[in-house]
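Please read all numbers here as calculations on a predicted model, not as lab measurements.
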Amino acid sequence: VKAKKGTVKFVLDCTAPVEDKVLDVASFEKYLQDRLKVDGKTGTLAASNVTISRDRTKLTIAAPSDIRFPKRQLKYLAKRYLKKQQLRDYLRVIAASKNSYELRYFAISGGDDAEDDAEE
């Protein structure tokens, strides 16, 4: 009797930019499907049983636990996608939990620092 293989799930939460209509989740999903690597090769997601599913604002990547699928690769590709869409100056990728990332806006202060510099 074989032991049941588990799956590892990673979540990319894009809630903030999607609600502001800045980011398109469908094109982000396609970008990941084209570029995610399994064992150093792109285009082998289906053969390796890696699935990408999409809610309205979240992408869920499920991979069998016997293949080593790095969470770090998701962060790298998310940052590359933001750069390509010219959103990298406004959004950042933050680890929300052990196996999820979140796209958040940079916290921009009210400009108090600029006034202090001018006085000196």
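- Residue V11 is not grouped with residue V8 when hydrophobic side chains (ILVMFWY) are merged at heavy-atom distances under 4.5 angstrom, including chains of intermediate members.
- The shortest heavy-atom contact between K71 and S97 is NZ-O, 3.1 Å.
- The salt bridge (Lys or Arg N to Asp or Glu O under 4.0 Å) test applied to D24 returns no partner, not counting sequence neighbours.
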All N/O donor-acceptor pairs, side-chain side in residues 73-94, below 3.5 Å, sequence neighbours left out:
from : atom 1 : to  : atom 2 : distance (Å)
Y76  : OH     : R80 : NH1    : 3.3
Y81  : OH     : S27 : OG     : 2.5

### Query
Given I52 and L45, is the side chain to side chain contact (heavy atoms under 4.5 Å, CB included) satisfied, shown in steps?
CA-CA 9 Å; I52 300 176; L45 291 182; 4.1 Å; yes

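- Listed for the K37 side chain is no donor-acceptor partner under 3.5 Å among the backbone atoms of G43.
- The side chain to side chain contact (heavy atoms under 4.5 Å, CB included) check on S53 picks up T60, with sequence neighbours excluded.
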### Query
Should I61 and L12 be marked as a side chain to side chain contact (heavy atoms under 4.5 Å, CB included) after you check the CA-CA gap, both sets of side-chain angles, and the distance that decides it?
CA-CA 8 Å; I61 295 94; L12 276 165; 4.2 Å; yes

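- Listed by first then second residue, pairs satisfying salt bridge (Lys or Arg N to Asp or Glu O under 4.0 Å) with a partner in residues 46-59 read E29-R54, not counting sequence neighbours.
- Using a 4.5 Å heavy-atom threshold, the side chains of L103 and L23 count as touching.
- Residue pairs that meet the salt bridge (Lys or Arg N to Asp or Glu O under 4.0 Å) test with at least one member in residues 40-51, sequence neighbours left out, do not exist here.
- Note: I67 CD1 to N49 CG = 8.0 Å, rounded to the nearest 0.5 Å.
- Residue pairs meeting the ring-ring contact (aromatic ring centres under 6.0 Å, His included) criterion with at least one partner in residues 43-70, sequence neighbours excluded, are F10-F69.
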#### Entry: Chi angles and distances behind the side chain to side chain contact (heavy atoms under 4.5 Å, CB included) call for L59, F28
CA-CA 9 Å; L59 288 173; F28 188 25; 3.5 Å; yes

